Amino acid sequence: MTRRFYVTTPIYYVNGAPHIGHAYTSIAADVMARFHRLAGHDVFFLTGTDEHGQKVEQAAQAAGVEPQVFVDRIAADFRDMADAMAISYDDFIRTTEPRHVAGAQALWERVAQNDAIYLGAYEGWYALRDECFYGEDELTTGPDGQKLAPTGAPVEWVKEPSYFFRLSAFQDRLLELYEQCPEFLGPHGARNEIISFVRQGLRDLSISRTSFKWGIPVPGDEAHVMYVWFDALANYLSALGFPDTNSARAAYWPADLHLVGKDIARFHAIYWPAFLMAAGIDVPRRIFANGWWTIEGQKMSKSIGNVIDPRDLVREFGLDAVRFFLLREVPFGGDSDLSRKALITRNNVELANDLGNLAQRTLSLVAKNCEGTIPERGEPSVEDTQLLGQVAILPQLMAVQMERCALTDALEDVWKVIRACNAYIDHQAPWALRKTDTTRMASVLRVLLDALRGIATVLQPFMPQTMERMLDQLAVQPDERNLAALETPLPAGRSLPAPQGLFPRYVEPEATV
RNA sequence: GGCGGCGUAGCUCAGUGGUAGAGCAGGGGAAUCAUAAUCCCUUGGUCGGAGGUUCAAAUCCUUCCGCCGCUACCA
């Protein structure tokens with residue numbers, strides 16, 4: 001039976017414009033989705049937007065528009081960003097869609113039926129003027145002893161009726177989950193933090209509000225709307241048609257992988273499985289948290305003004321160079337720095353020099369010396385066998401890295417082979433063989449063409465546009481571009497198009513330093 | 001304060017008991033098919049400090065120094 005693979009990005013909160021951090025998580029998820037499709041798996045790849053909550057309500061008010069108008073606008077921008085980054089999502093869910101509202105309410109009812117929800121009161125410091133709660137540590141005390149919010153508004157201790165989720169009842173089952181399924185949560189650092197957090201003891205979770213309206217009504221008590229996380233997390237199920245178990249997508253559950261930013265790892269690793277356990281639904285197989293990007297060594301923030309829109313980078317450097325950089329620069333899972341210099345170096349050294357130039361020199365030798373057609377395979381030398389062997393194991397090697405969410409390591413594995421190809425072509429020197437042994441020359445070039453085909457095939461998930469062009473240049477037909485097709489050599493004699501550069505070197509315009 | 005992580009070549013990092021590694025940067029050489037790209041060789045580290053266990057420690061233990069993360073309802 002075909003293996004199913006269900007991968008998600010977080011649904012992004014429409015409080016602000018999309019930035020490089022959103023793009024990063026989505027690209028990582030996209031690579032996973034594309035790789036599994038390449039392996040012939042039945043993939044469902046979900047992304048979307050989280051559109052409820054008080055902050056959105058307030059932001060809409062500030063913008064002078066209805067919340068729905070406001071979220072329509074921002075959601076469209078996120079979708080545009082996803083498309084600009086070539087994110088191959090199968091569905092884009094929005095929490096304001098009726099199907100999600102129905103799914104979230106159904107999940108609530110399941111949880112409630114199992115006695116995991118009770119009505120209590122949410123207590124806290126409330127500022128009437130700001131219409132919101134503040135934490136004790138955010139408050140200051142005014143000259144007359146009045147407690148004040150950071151905004152200067154006076155606060156008072158109030159109780160608001162709220163439904164609570166019995167999170168405390170799930171502590172042991174959660175710890176058992178982390179223990180028995182070590183792969184449930186990654187990377188290691190995030191896992192340790194979550195475990196120690198849960199060990200400290202869990203309090204019940206307030207999961208409804210009456211203080212604002214922009215949310216999903218609680219079933220049976222319309223005075224309440226669901227508090228954000230219950231609403232948001234349910235998206236992973238509602239996109240599958242939950243609670244309809246006959247839905248065409250129902251079989252994708254449990255999700256294989258939820259990719260998330262490290263800031264929301266906790267909600268996915270604690271609340272989400274607890275909600276599901278309470279509802280009697282299987283928990284997802286794996287949660288993986290990625291780190292933050294700093295910009296030129298600085299934290300990305302609106303006040304510094306260094307927030308980067310990934311679309312700007314794409315306009316300047318090209319989509320694939322940006323995708324490649326983000327996944328290549330540092331170990332996936334850790335924090336990383338985005339600097340202009342590093343991006344240009346990666347592009348020039350690894351894409352233009354290592355890979356682009358390898359393809360160019362190989363293809364132009366074939367064009368000039370083999371009448372532009374794929375040569376026959378010759379009797380393989382030790383070197384030939386060794387190089388082709390390295391190429392042949394790439395799919396398995398990368399599949400293992402994908403399971404680990406080690407996208408950087410997967411790329412490193414490919415680059416080892418690319419470097420080996422450059423060493424091979426230099427040692428074999430087909431330009432010298434042209435004068436002494438044209439048969440061997442043709443064999444050498446054929447080895448290189450086969451190696452390039454393998455390399456381009458496995459790199460498709462990372463750089464879909466450029467690898468498509470590379471495979472075109474190698475005369476690989478559309479149905480010969482998946483992993484299984486690599487088992488079948490291309491027929492000799494097939495003619496190749498005229499070679500064209502794949503990755504231009506980036507030359508920094510005149511510096512004005 | 002508590003819990004956890006990190007500190008290895010100029011830079012980014014890999015390496016969890018057995019003679020210190022990769023990429024980039026630096027130096028020398030080769031080649032000239034190619035996007036002046038490539039290949040080969042090479043400089044460079046008392047593996048944060050100290051102590052301990054061991055025949056043997058970057059790798060285990062103790063302690064100290066420095067940096068970072070988490071410590072719940074912010075979506």
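Note on naming: letters A, B, ... go to the chains in the order of the sequence lines (proteins, then strands), and numbering restarts at 1 for each one. Being a predicted model, the structure only gives us computed values, none of them experimental.
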With 3.5 Å as the limit, what N/O pairs link the protein to nucleotides 25-35 of chain B?
unit_1	atom_1	unit_2	atom_2	d
B:C33	O2	A:Arg361	NE	3.3
B:C33	N3	A:Arg361	NE	3.4
B:C33	N3	A:Arg361	NH2	2.7
B:C33	N4	A:Arg361	NH2	3.0
B:A34	OP1	A:Lys368	NZ	2.6
B:A34	O2'	A:Asn357	OD1	2.6
B:A34	N1	A:Arg361	NH2	3.3
B:A34	N3	A:Asn357	ND2	3.2
B:A34	N3	A:Arg361	NE	3.2
B:U35	O2	A:Phe503	O	3.4
B:U35	N3	A:Phe503	O	2.7
B:U35	O4	A:Gly356	O	3.3
B:U35	O4	A:Leu502	N	3.3
B:U35	O4	A:Phe503	N	3.2

Aromatic plane relationship, A:Tyr236 with A:His268 - under 30° parallel, 30 to 60° tilted, over 60° perpendicular: tilted

A:Tyr227 side-chain N/O to B:C74 phosphate OP1/OP2 under 4.0 Å: yes

Nearest-Å distance once atom C1' is located in both B:G21 and B:U63: 30 Å

Flag, side chain of A:Thr9 to backbone of A:Ser26, donor-acceptor distance under 3.5 Å: no

Range-with-range stems for RNA chain B, at least three Watson-Crick or G-U pairs under 3.5 Å: B:1-7 with B:65-71, B:10-13 with B:21-24, B:26-30 with B:38-42, B:48-52 with B:60-64

Minimum-distance nucleotide to A:Ser196 side chain [options: B:U38, B:C3, B:C74]: B:C3

Pairwise P distance for B:C11 and B:U54, with rounding to whole Å: 37 Å

Geometric class of the A:Phe92/A:Tyr89 ring pair [parallel <30°, tilted 30-60°, perpendicular >60°]: perpendicular

Ring geometry between A:Phe165 and A:Phe170 (parallel below 30°, tilted from 30 to 60°, perpendicular above 60°): parallel

Sugar-phosphate, base or nothing in reach of A:Asp263, heavy atoms under 4.0 Å: base

Ring geometry between A:Phe275 and A:Tyr271 (parallel below 30°, tilted from 30 to 60°, perpendicular above 60°): tilted

Which nucleotide in B:C40, B:A72, B:C74 has an atom nearest any side-chain atom of A:Tyr122: B:C74

Proximal nucleotide (of B:C40, B:U38, B:A72) relative to the A:Phe197 side chain: B:A72

